[in-house]
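Atoms within a ligand are numbered from 1 in the order they appear, just like the ligands themselves. All residue numbers in this chain count up from 1 along the given sequence. Worth knowing before you read on, the calculation uses all heavy atoms, side chains too, and leaves out hydrogens, waters and symmetry mates.
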Amino acid sequence: MGVNMLGSEGPGQERIRRIVEPPFRPRDVEERTQGMIPKLAHELIDGFVDRGGCDLFREFADPMSVRSLRFMLGLDEIPWEDLLRWNEGLMPGLANFEADPAKQAPADEASAAMGEAIERVLDRLEREPDGSVLSWMLHRSGEDAMSRAEIVANTKLMLSGGLQEPRDLIALVVWALGAHSEQLAEVRSDRSLIKPAVEETLRWAGPVGTSTRQTTEAVEVAGTKLEEGALIAAVLSSANRDPNRFFEPDRFDVHRREGAHVAFGVGNHFCLGAWFGRHLARVSLDILLDRLPNLRLDPERPPTISGWEFRAPNSTWVRWDPL
Ligand code: HEM
């Protein structure tokens, strides 16, 4: 992807974070997307509401996630199918911890195609600034000025973190509530529970499994000696079910009062898009519950949840009562 904030530490990473954070703050996200996210959700639902059932993963969560992030970043002129294809091509390269050249080559190709498309958008934004994240990055000045290479690399990172994870979160919250029908009924009748339902889903079945780091020197952790340069996978999904932290951690419970989970990571690299992802999942769930009466999982087509670094359902078949 090129040098980006997740792959760097220290003043370089802190500088990029300081520059790119403002458009991702809660109020900014809500204001930027208030016309777009609910409108898209209604449009997508209009397309299948008469059918009484569908695969929400494919027909709702996927386009919601891709098209909302595309809008937020300012990439609307790039077909969303291309963004998805490049991103899917790029992912095996990101998880290529064994440095297998056969995995890396197609990922590099996808990354190059994505980079060229971003450059073309930047050329236009030079002349016509707008309210997008890309335009924000391009038009900073003084010590906040970002080079083209920095913008492209960090935009690729945002796409790789942001196209897929909110999709998985939307699908996971529908699945988690659908598998606990009494809690789904509670959320349906008391929408103040949407926020805790999304947070509990992130804790109980967060879509990102690990936070990867590399030791800078030999170190001993909990009695295990690690060499300098060792790759470490800090298992977020395990921390989120730590029995020392959460009472009966394997239980899904929208009424938990035990505080924060680590589904968005911790520290300097805490997810840049956390608020955007949460907001998208909350608005989506609210509108789905409004529009699809008695929304429930389709008992004949249960999803398979799989993946390790990225964990998600392969489908979310649901039914609702005829209108
Ligand atoms: C709702 C779903 C999401 C989840 C569960 C999630 C999860 C995470 C996690 C666990 C990290 C920390 C990685 C580490 O420490 O190694 C992270 C970082 C990051 N995420 Fe997300 N993410 C989500 C959505 C997004 C979105 C929508 C964006 C789009 C901008 C995004 C962009 C980023 C970036 C740029 C970083 C790196 C930040 C840095 O290095 O300073 N994420 N995310």
P166 neighbourhood, listing ligand 1 atoms whose heavy-atom distance to it stays under 4.0 Å | 2 (C), 27 (C)
Any Q13 heavy atom less than 4.0 Å to ligand 1 = yes
Is L157 close to ligand 1, meaning an N/O of one under 3.5 Å from an N/O of the other?
-> no
Salt bridge between K39 and E43, side-chain N to carboxylate O under 4.0 Å?
-> yes
Element-labelled atoms of ligand 1 that are located less than 4.0 Å from some non-hydrogen atom of F24 | 30 (C)
Decide whether a cation-pi geometry holds between R282 and W275; the criteria are a distance under 6.0 Å from NZ or CZ to the six-membered ring centre and an angle within 45° of the ring axis.
-> yes
Quick one: which ligand 1 atoms are inside 4.0 Å of a heavy atom on N268?
-> 41 (O)
Okay, side chain of R278, backbone of V198: is any donor-acceptor separation there less than 3.5 Å?
-> no
Of all protein heavy atoms, the one nearest atom 26 (C) of ligand 1 is G162 CA, 3.4 Å
Is there a chain of hydrophobic side chains (I, L, V, M, F, W, Y, each step under 4.5 Å between heavy atoms) that links V262 to L272?
-> no
M158 heavy atoms, cut-off 4.0 Å: which ligand 1 atoms fall inside?
-> 29 (C), 30 (C)
State, without any angle test, whether T215 and E228 hold a side-chain donor-acceptor pair at a distance under 3.5 Å.
-> no
The protein heavy atom nearest to atom 8 (C) of ligand 1 is C271 CB, 3.7 Å
Look at the side chain of R256 and the backbone N and O of P196, then say whether any donor-acceptor pair between them is shorter than 3.5 Å.
-> no
Kindly determine whether F57 and W175 satisfy ring pair (Phe, Tyr, Trp, His ring centres under 6.0 Å), including the steps that lead there.
-> CA-CA 10 Å; F57 186 85; W175 166 71; over 10 Å; no
C54 backbone acceptor or donor facing E59 side chain under 3.5 Å | no
Got the closest protein heavy atom to atom 38 (C) of ligand 1, with its distance?
-> R17 NH1, 3.2 Å
Numbered atoms and elements of ligand 1 in range of P207, under 4.0 angstrom, heavy atoms | 5 (C)
Which heavy atom of the protein is the closest neighbour of atom 15 (O) of ligand 1, given with residue, atom name and distance?
-> R213 NH2, 2.8 Å
Out of H269, R311, H279, the nearest non-hydrogen contact to atom 40 (O) of ligand 1 is supplied by H269
Protein heavy atom at shortest distance from atom 32 (C) of ligand 1 = G273 N, 3.9 Å
Answer yes or no: are there more than 12 heavy-atom neighbours, outside K103 itself, under 6.0 Å from its atom NZ?
-> yes
Give the residue and atom name of whichever protein heavy atom lies nearest to atom 13 (C) of ligand 1, and the separation in Å to one decimal.
-> L6 CD1, 4.0 Å
What distance do L288 atom CG and I45 atom CD1 have between them, rounded to the nearest 0.5 Å?
-> 4.5 Å
Top protein contact for atom 36 (C) of ligand 1, by heavy-atom distance = L272 N, 4.0 Å
Pairing of R148 and D123 as salt bridge, 4.0 angstrom limit = yes
Could you pull out, from A281, G161, G277, the option with a heavy atom nearest to atom 24 (C) of ligand 1?
-> G161
Relative to W136, does R140 satisfy both conditions: NZ or CZ under 6.0 angstrom from the six-membered ring centre, and within 45 degrees of the ring's axis?
-> yes
Is E165 close to ligand 1, meaning an N/O of one under 3.5 Å from an N/O of the other?
-> no
E200 and H261: side-chain donor and acceptor closer than 3.5 Å?
-> no
For ligand 1, which atoms have a heavy atom of L236 less than 4.0 angstrom away?
-> 10 (C)
Which bit of A263 is near ligand 1, meaning a heavy atom under 4.0 Å away: side chain, backbone, both or neither?
-> backbone
Taking only heavy atoms of L169 into account, list the atoms of ligand 1 that are under 4.0 Å away from them.
-> 1 (C)
Nearest neighbour in protein (non-hydrogen) for atom 11 (C) of ligand 1 | F264 O, 3.7 Å
Proximal atoms of ligand 1 relative to S211 (non-hydrogen, under 4.0 Å) | 14 (C), 15 (O), 16 (O)
